[in-house]
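Whatever order the structure lists ligands and atoms in, that order sets their numbers, starting from 1. Residue indices begin at 1 and follow the sequence shown.
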Amino acid sequence: MCVLTGAGISAESNVPTFRDAQQGLWAKYDPHELATPEAFERDPELLWRWYRWRREIVAAAEPNAGHFALAELAGLVPRLTLVTQNVDGLHQRAGSASVIEFHGNLFADQCSVEGRVVEHDQHVDVPLCPHCGANLRPGVVWFGEAIPEDALNVSFAAAADCDVFLSIGTSSLVFPAAGLADIAREHCATVAEINPNTTSRAANYDYVFAGNAGDVLPEMVESLTV
Ligand code: BV8
């Protein structure tokens, strides 16, 4: 199996999805504008305020039944490759052993010049790289940036090699992640979507489970264990 998850699987953990992530203070910003190298270049302080706000939300969140069911599912099939677009780390906290973070991780701090991930304990508006002094940035993949090569290669290979591809909690609008389902279909995998709001791409899928991941995934696991 190859599984792709999006923000929808964390919605039941009260982590706002990308499309409704803008609440209150952030209502006037478009995430597609903010999650870019240009926005960081223009106003690193604003970006750090946004990411710190998102880190607080995620730190207060707990994995939900959907995350736990996926961790259990991995033990019920010969091989399950979990690819997530999410940067919240909730799959790992639910016990999923190997998670491919297609868009990086919210809690990693990365040097904006050297690219390396660094530890620091600076409580300043814009933390600086302890090695070269450049601005640190969150270790996520922004729009217009390449997907980490290893994540890209492993995910493409898993999508091409799986018997079943599950697309869970994603609007399937962001590429190249959204293209994984097409790769699976081109390699004759059975493709299914789990989403309370059926996406336009699901018309080409074999199965659509119109429901919340936190309800559908535990039922799926239950059906495999009886
Ligand atoms: C790149 C990290 C090239 C940052 C994010 C074609 C091919 C390649 C690229 C492109 C292309 N066309 C356009 C592009 C460019 C762009 C793109 O896709 N733009 C879109 C807007 C059209 N892609 C890129 O820029 C990518 N890079 O292509 O690089 C390149 C190559 C070489 C060298 C240089 C460059 C990089 C994209 C990564 C962007 N980073 N996140 C951060 O988080 O701050 S994207 C971010 O938004 C998320 O990670 C996620 O991927 C996306 C949001 O999507 P979803 O997860 O689906 O969330 P959404 O809110 O949309 O939907 C939630 C769904 O859940 C809904 O359907 C809802 O119904 C459902 N739901 C709700 N509740 C539940 C539920 N489902 C189940 N259960 C529930 N309870």
Side-chain angles (χ1 to χ4, degrees), residues 3-23 26 29-40 44 46-55 57-58 61 63-70 82-91 99-110 115 137-149 151-153 155-156 166-183 192-202 205 208-220:
V3 177
L4 173 70
T5 63
I9 197 167
S10 297
E12 292 161 90
S13 297
N14 299 317
V15 177
T17 64
F18 221 74
R19 267 143 191 74
D20 60 27
Q22 300 316 80
Q23 302 157 353
W26 301 102
Y29 296 103
D30 172 0
H32 297 96
E33 294 302 315
L34 272 186
T36 64
E38 293 77 18
F40 183 73
L46 170 67
L47 260 287
W48 268 106
R49 278 210 307 279
W50 186 44
Y51 279 97
R52 281 196 189 96
W53 172 65
R54 290 175 60 192
R55 285 180 175 180
I57 291 173
V58 171
N64 63 62
H67 294 108
F68 288 114
L70 269 186
L82 176 54
V83 183
T84 188
Q85 299 172 89
N86 300 338
V87 295
D88 57 30
L90 289 178
H91 284 301
V99 181
I100 298 173
E101 294 185 308
F102 210 66
H103 293 155
N105 189 296
L106 188 61
F107 294 97
D109 290 334
Q110 192 180 21
R137 53 167 284 178
V140 297
V141 179
W142 281 325
F143 288 101
E145 293 188 319
I147 306 302
E149 195 173 349
L152 194 72
N153 295 337
S155 304
F156 274 35
L166 264 186
S167 177
I168 306 172
T170 180
S171 58
S172 303
L173 296 173
V174 173
F175 287 83
L180 292 172
D182 300 330
I183 294 172
E193 175 180 82
I194 300 175
N195 192 323
N197 310 301
T198 304
T199 64
S200 55
R201 303 170 62 78
Y205 295 170
V208 173
F209 297 90
N212 291 332
D215 301 324
V216 174
L217 282 168
E219 282 177 39
M220 224 175 239

Under 4.0 Å from [atom], do we find at least one protein heavy atom?
| atom | result |
| --- | --- |
| atom 7 (C) of ligand 1 | yes |
| atom 15 (C) of ligand 1 | no |
| atom 74 (C) of ligand 1 | yes |

Polar contacts were defined as any N/O atom of the residue lying under 3.5 Å from an N/O atom of the ligand; does this apply to [X] and ligand 1?
| X | value |
| --- | --- |
| Asn195 | yes |
| Ala213 | yes |
| Ala35 | no |
| Ala7 | yes |
| Trp142 | no |
| Glu145 | yes |

Quick one: salt bridge (Lys or Arg N to Asp or Glu O under 4.0 Å) partners of Arg52, sequence neighbours excluded?
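Here no residue qualifies.
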Give the atoms of ligand 1, by number and element, whose distance to some non-hydrogen atom of Gln85 is under 4.0 Å.
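Near Gln85, meaning under 4.0 Å from one of its heavy atoms, ligand 1 has 48 (C), 49 (O), 50 (C), 51 (O).
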Nearest non-hydrogen protein atom, atom 2 (C) of ligand 1:
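Sorting protein heavy atoms by distance from atom 2 (C) of ligand 1 puts Val141 O, 3.2 Å first.
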Is it true that Phe102 lies under 4.0 Å from ligand 1, counting heavy atoms only?
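Per 4.0 Å heavy-atom rule, Phe102 does not contact ligand 1.
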Nearest non-hydrogen contact with [atom] belongs to which option: [options]?
| atom | options | result |
| --- | --- | --- |
| atom 72 (C) of ligand 1 | Ala210, Gly66, Gly8, Ala177 | Gly8 |
| atom 28 (O) of ligand 1 | Ala11, Pro176, Pro16 | Pro176 |
| atom 26 (C) of ligand 1 | Phe175, Trp50, Phe143 | Phe175 |
| atom 55 (P) of ligand 1 | Thr170, Leu34, Leu47 | Thr170 |
| atom 42 (C) of ligand 1 | Glu193, Arg54, Glu12 | Arg54 |

For Gln110, enumerate each residue passing the side-chain contact (heavy atoms from CB on, under 4.5 Å) test, keeping only those at least two apart in sequence or located in another chain.
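Counting only residues at least two positions away or on another chain, Gln110 forms a side-chain contact (heavy atoms from CB on, under 4.5 Å) with Arg137.
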